[in-house]
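Since we're looking at a predicted model, the values are computed, not measured. Excluded from the calculations below are hydrogen atoms, water molecules and symmetry mates; all remaining heavy atoms, backbone and side chain alike, are included. Convention: sequence-line order gives letters A, B, ...; per-chain numbering from 1.
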Amino acid sequence: MTEDHTPVRVRFAPSPTGSLHIGGARTAYFNWLFARQSGGTFVLRIDDTDTARSTEASLQEILRGFRWLGIDWDEGPDVGGPFGPYRQSERSAIYREALQRLLNEGKVYPCFCSQEQLAADREAAQRAGRAPRYARRCRDLTPEQVAERMAAGETPVYRFKSPIEGETVVHDRIRGDVVFSNEELDDFVVWKPDGMPTYHFASCVDDAAMHITHVIRAEEHLSNTPKHVVLFEALGAKVPEFAHVPMILAPDRSKLSKRHGATSVQEYRDQGILPDALINYLLLLGFAPGEDKEILSREEAIQVFRLDKVTRHAAVYDVKKLEWLNAQYFRSLSPDVVLSMVWPTLRERGYVEADPDHRTLAWIRTVLAATQERSRNAADLVENVSYYFRDPVAYDEKGVRKHFAGEDVDVRLERLADILDQVEPFGVVPLEQTYRSLAAEWQVKAGMLIHPTRLAITGVTVGPGLFDVMALLGRAACQSRLRRAANWIRTNRSEL
RNA sequence: GGCCCCAUGGUCAAGUGGUUAAGACACCGCCCUUUCACGGCGGUAACAGGGGUUCGAAUCCCCUUGGGGUCACCA
C-alpha cells in the first residue's frame with residue numbers, strides 16, 4: 001500500500017530490441033519484490049514504439065528469461081489484464097487521443113523544422129556556448145501558419161510546450177528530492193512523423209492509464225524524469241513516486257557490454273548458472289539484506305527488501321562472486337535434478353545409453369553424487385566425471401612430473417594391477433586395506449601408491465577418495481588403466 | 001560543454017556525529033585430508049583530496065578531483 005492506501009502498481013517496460021540484460025533483470029526483480037511484499041500488482045508492458053528495432057523473437061526471449069528467473073507478472077502481453085493491451089504498438093488510439101487532448105489544450109504544438117534546420121541550430125547554439133536545445137521556432141506558430149503548412153503536405157512532429165521558468169522536482173525513493181531548473185527542459189518531441197509517440201509520451205500516458213503508483217527503473221532515466229513529471233501534470237494525472245536504481249558496471253567501471261563477457265540472462269543460463277543463484281546475486285548488487293545473510297530465496301528477499309535501502313552508487317559486476325553463489329546452490333541440488341541437468345551432455349558424448357537399466361542408472365547417480373560437491377556447475381561436473389565413462393585421454397602434466405617420474409613407478413603400477421585380482425570383494429574397504437598393507441610391505445608411504453594410481457586411472461590428480469573411484473570403476477577398468485599407464489611411462493621415460 | 005547522480009578495502013557492501021571502521025567474494029597462510037573441493041582458523045587490504053561546522057567527523061556543509069548518466073523524430 002502507498003501512503004494514501006491506493007494499492008501498489010509497478011511495471012517493468014522492456015523494449016524488445018535484444019535479449020534480457022542482467023541490468024534489466026535486476027530492475028525487474030526490484031519491481032517484482034516491491035509489488036509482492038506490498039500485495040501489489042506487477043505489470044509487464046512492452047515498449048515497442050521503435051518499430052524498426054523491435055522484434056517478436058526478442059520479446060519471446062525476454063519473457064522466457066523472466067520465467068526462467070522465476071519472476072512472474074500479473075498483467076502483461078500474454079496474460080492480459082484490465083488495462084490492456086500491454087504492447088505499446090497496439091495502443092496507438094490511446095496515445096492519439098491523449099495527443100489530441102493536449103493539442104486542444106495548447107500544451108503541445110506541431111513543429112515543422114527539418115532535421116537539417118535542427119542540426120544547424122544545435123551547432124550554432126554550441127558555438128555560442130549555449131546548451132544545444134531546440135530553438136523553439138515553431139512554438140508560437142499561428143493557427144493559420146499551421147494550417148497552411150499542413151495543407152502544403154508537411155507532416156510535423158509534435159512537441160511539448162515546456163515551462164520556461166521555475167523548477168521541477170522529482171521525488172525519488174532512493175535519492176530523495178532532485179531539483180531541476182525548468183530552463184533545462186527542452187520542448188521535447190512527443191510524437192514522431194511516422195505516427196508513433198516517443199518513449200517519453202507513450203510511457204507517461206501508459207503509466208497514467210495503468211495507474212502505476214511507483215516507477216522503479218534504471219538511473220539513466222533520472223535526467224529524463226522532469227520531462228515525465230511535467231507530462232503527467234499536463235495529462236492531469238497523479239505523478240507517481242520514482243525510484244532510480246543504480247547501474248551495473250563492468251570491472252573497468254564502463255558500461256557493461258559484450259566485450260566484458262556475458263550480459264544477458266540467457267548467456268548465464270547457457271553457462272550453467274542456476275536461476276536461483278543469478279537472482280540471488282542480482283539482489284546483492286545494490287542491496288544488503290542485513291544480518292550478514294547473503295544467500296536468500298525469492299521468498300526471503302520479499303520479506304527483507306526495502307526500496308529505500310537500495311544503494312545510490314553503481315555496482316561493478318563480479319563474476320567470481322556469482323560463481324561462488326552458483327556453487328552454493330549447485331551443491332544443494334538433489335541427485336535427480338543433477339542427473340536431468342547433465343543427462344543430455346552425457347548422451348551427446350556417448351557416455352550413456354538411451355535407456356539404461358536400473359543398476360546402471362543407480363551407478364550413474366552415485367558417480368555424480370561423488371563429484372557434485374567438488375563441482376561448481378553442470379558443465380564442470382560433466383568434465384569431472386568423464387573418466388568414469390572412458391579411459392583417460394591424457395595424463396595431467398604436473399601430475400606426471402610428480403607421480404610418474406619415480407624409479408619404479410611403472411613396476412609398482414603393474415604389480416598393483418596384478419594384486420587387484422585378489423581383492424575380494426572389490427570395494428572401498430578391502431581396496432584401502434590392500435593398499436595400506438602393500439605400502440607397509442614395500443616400505444613406502446601410502447601416497448606413493450595412491451597418487452600414481454589416481455593419475456593412472458583418472459588422468460588427473462584431483463577428485464573423490466581414490467578407493468571410492470576404484471570401487472565405482474570396477475576391477476577390470478582399474479587393472480587395464482594401471483597397465484596402460486605403466487606402458488605409457490616406459491615409452492615416455494626419456495622425457496620424464 | 002550545460003544539467004543531474006554518485007564516491008568506505010581489488011569487488012559487493014554495513015555504517016547514519018563518539019566503533020579496535022562489520023560481513024561476503026577474491027587473494028595469502030595454517031588446519032583437516034591419499035589429492036582436489038568442502039569446512040574450520042587466521043592474515044593482507046578502505047573512509048578520493050582540501051577546507052570548514054563541532055569538544056569530537058566515514059557520517060553535516062563547501063570546493064576540488066574522479067566515475068557515471070542525460071541533453072534524439074532510441075527506449
(request) Return the value, rounded to whole Å, for the distance between atom CD1 of A:I248 and atom C1' of B:C6. (result) 16 Å
(message) Below the 4.0 Å mark, does B:A75 have OP1 or OP2 next to a side-chain nitrogen or oxygen of A:R217?
(response) no
(message) What is the separation between atom CZ on A:F188 and atom C1' on B:A75, rounded to the nearest whole Å?
(response) 15 Å
(request) State, without any angle test, whether A:D206 and A:Q88 hold a side-chain donor-acceptor pair at a distance under 3.5 Å. (result) yes
(request) Find the distance A:I295:CD1 to B:G23:P and express it as a whole number of Å. (result) 17 Å
(request) Starting at atom CG of A:D308, determine the distance to atom C1' of B:U16, rounded to an integer number of angstrom. (result) 14 Å
(request) Determine the contact category for A:D50: base if any of its heavy atoms lies under 4.0 Å from a base atom, sugar-phosphate if only primed atoms, P, OP1 or OP2 are that close, otherwise nothing. (result) sugar-phosphate
(message) Suppose you measure atom C1' in B:C27 against the same atom in B:U70; what distance do you get, rounded to whole Å?
(response) 38 Å
(request) Determine the Euclidean distance between corresponding C1' atoms of B:A45 and B:U33; express it in Å to zero decimal places. (result) 30 Å
(message) Counting only side-chain heavy atoms from C-beta out, which of B:A75, B:G2, B:U35 sits nearest to A:H451?
(response) B:U35
(request) Could you tell me whether the phosphate oxygens of B:G69, OP1 or OP2, come under 4.0 Å of any side-chain nitrogen or oxygen in A:S223? (result) no
(message) Measuring only the C1' atom in each nucleotide, how far is B:G15 from B:G9? A whole number of Å is fine.
(response) 15 Å
(message) Determine whether the aromatic ring centres of residues A:H451 and A:F404 are separated by less than 6.0 angstrom.
(response) no
(message) Does either side chain, that of A:S15 or that of A:Y199, offer a donor lying less than 3.5 Å from an acceptor on the other one?
(response) no
(message) Is it the case that over 12 heavy atoms from other parts of the model lie below 6.0 angstrom from the CZ atom of A:R374?
(response) yes
(request) Ignoring the backbone of A:M247, work out which of B:C12, B:G15, B:G68 is nearest its side chain. (result) B:G68
(request) Could you state the atom-to-atom distance from CG of A:D396 to P of B:U35 in whole Å? (result) 16 Å
(request) Find the partner of B:U59: check Watson-Crick (N1-N3 plus N6-O4 or O6-N4) and G-U wobble (N1-O2, O6-N3) distances, both under 3.5 Å, and reply none if neither fits. (result) none
(message) Within the 4.0 Å heavy-atom criterion, would you say A:K445 contacts the bases, only the backbone, or no part of the nucleic acid?
(response) nothing
(request) From the options B:C5, B:G15, B:A22, select the nucleotide whose nearest atom is closest to the side chain of A:D292. (result) B:A22
(request) Using only side-chain N and O atoms of A:R454, determine if any of them is under 4.0 Å from OP1 or OP2 of B:U35. (result) no
(message) So if I take every side-chain heavy atom of A:K192 and compare against B:C74, B:C5, B:C38, which nucleotide ends up nearest?
(response) B:C74
(request) Scan residues 319-330 of chain A against RNA chain B and write down, sorted by residue number, each residue with any heavy atom closer than 4.0 Å; if none is found, say none. (result) A:K320, A:K321, A:W324
(message) Nearest to the A:P193 side chain among B:C73, B:C71, B:A24, which nucleotide is it?
(response) B:C73
(request) For A:I174 and for A:C113, locate the closest nucleotide of RNA chain B by heavy-atom distance; then report the residue assigned to the nucleotide nearer the 5' terminus. (result) A:I174
(message) Any strand counts, and the cut-off is 3.5 Å on both contacts for Watson-Crick or G-U wobble. Which nucleotide pairs with B:G1?
(response) B:C71
(message) At less than 4.0 Å, is any side-chain N or O atom of A:H313 found next to OP1 or OP2 of B:A13? Yes or no.
(response) yes
(message) What is the distance, to the nearest angstrom, from the CG atom on A:L431 to the P atom on B:U34?
(response) 16 Å
(request) Measure from the side-chain heavy atoms of A:E294 and tell me the nearest of B:C73, B:A75, B:A24. (result) B:A24
(message) Could you check whether A:D396 pairs with A:K398 (Lys NZ or Arg NE/NH1/NH2 to Asp/Glu carboxylate O, under 4.0 Å)?
(response) no
(message) Applying a 4.0 Å non-hydrogen cut-off, can you work out what A:E220 is touching in the nucleic acid: base, sugar-phosphate, or nothing?
(response) sugar-phosphate
(request) Could you check which of B:A14, B:C12, B:C5 has an atom nearest any side-chain atom of A:A315? (result) B:C12
(request) Could you please name the option among B:C12, B:U35, B:C73 that lies closest to any side-chain atom of A:L118? (result) B:C73
(message) Just to be sure I understand the rule, does A:L284 reach a base, reach only the sugar-phosphate, or reach nothing, if contact means heavy atoms closer than 4.0 Å?
(response) sugar-phosphate
(request) Using a 4.0 Å heavy-atom cut-off across all strands, classify A:G399 as base, sugar-phosphate, or nothing. (result) nothing
(message) For B:U33, give the paired nucleotide (Watson-Crick: N1-N3 plus N6-O4 or O6-N4; G-U: N1-O2 and O6-N3; both under 3.5 Å), or none.
(response) none
(request) Using the six-membered ring of A:Y134, assess whether NZ or CZ of A:R159 lies under 6.0 Å from its centre and within 45 degrees of the ring axis. (result) yes
(request) Identify the nucleotide, in any strand shown, that forms a Watson-Crick or G-U wobble pair with B:C38, with both distances under 3.5 Å; if there is none, say none. (result) none
(message) Looking only at the aromatic ring of each residue, does the gap between the centers of A:H200 and A:H228 stay below 6.0 angstrom?
(response) yes
(message) What's A:F180 touching, base or sugar-phosphate or nothing? Going by heavy atoms closer than 4.0 Å.
(response) sugar-phosphate
(request) Measure the CG-CG distance between A:D391 and A:L473 for me, rounded to the nearest 0.5 Å. (result) 8.5 Å
(request) Ignoring backbone atoms, establish whether A:R253 has a side-chain N or O less than 4.0 Å from OP1 or OP2 of B:G10. (result) no
(request) Find the distance A:N224:CG to B:C4:P and express it as a whole number of Å. (result) 15 Å
(request) Give A:V157 one of three labels, base, sugar-phosphate or nothing, depending on what nucleic acid heavy atoms sit under 4.0 Å from its own. (result) base
(message) Quick check on B:A13: is either OP1 or OP2 less than 4.0 Å from any side-chain nitrogen or oxygen of A:T311?
(response) yes
(request) For B:C62 versus B:A46, give the span between their P atoms, rounded off to a whole number of Å. (result) 28 Å
(request) Report yes if a donor N or O on one partner sits less than 3.5 Å from an acceptor N or O on the other, where the partners are the side chain of A:R312 and the base of B:C5; otherwise report no. (result) no
(request) Classify the ring geometry between A:Y395 and A:W488 as parallel (under 30°), tilted (30 to 60°) or perpendicular (over 60°). (result) perpendicular
(request) Flag the pair A:Y158 / A:Y109 as yes when their ring centroid distance falls below 6.0 Å, and as no otherwise. (result) no
(request) Scan A:P14 against the nucleic acid and name what it touches under 4.0 Å (heavy atoms): base, sugar-phosphate only, or nothing. (result) nothing
(message) Is a donor from one side chain sitting under 3.5 angstrom from an acceptor on the other, for A:R217 and A:T225?
(response) yes
(request) Give A:R331 one of three labels, base, sugar-phosphate or nothing, depending on what nucleic acid heavy atoms sit under 4.0 Å from its own. (result) sugar-phosphate
(message) How many whole angstroms separate atom CG of A:L222 from atom P of B:C71?
(response) 12 Å
(message) For the aromatic rings, using the six-membered ring if either is Trp, is the centroid distance between A:F66 and A:F12 under 6.0 Å?
(response) yes
(request) Starting from the 5' end of RNA chain B, give me the residue, A:E184 or A:K227, whose nearest nucleotide shows up first. (result) A:E184
(message) Measuring only the C1' atom in each nucleotide, how far is B:C41 from B:C5? A whole number of Å is fine.
(response) 43 Å
(message) By the 4.0 Å heavy-atom rule, please label A:H244 as base, sugar-phosphate, or nothing.
(response) nothing
(message) Using the P atom as the point on both nucleotides, what is the distance between B:U54 and B:G49, in whole Å?
(response) 23 Å
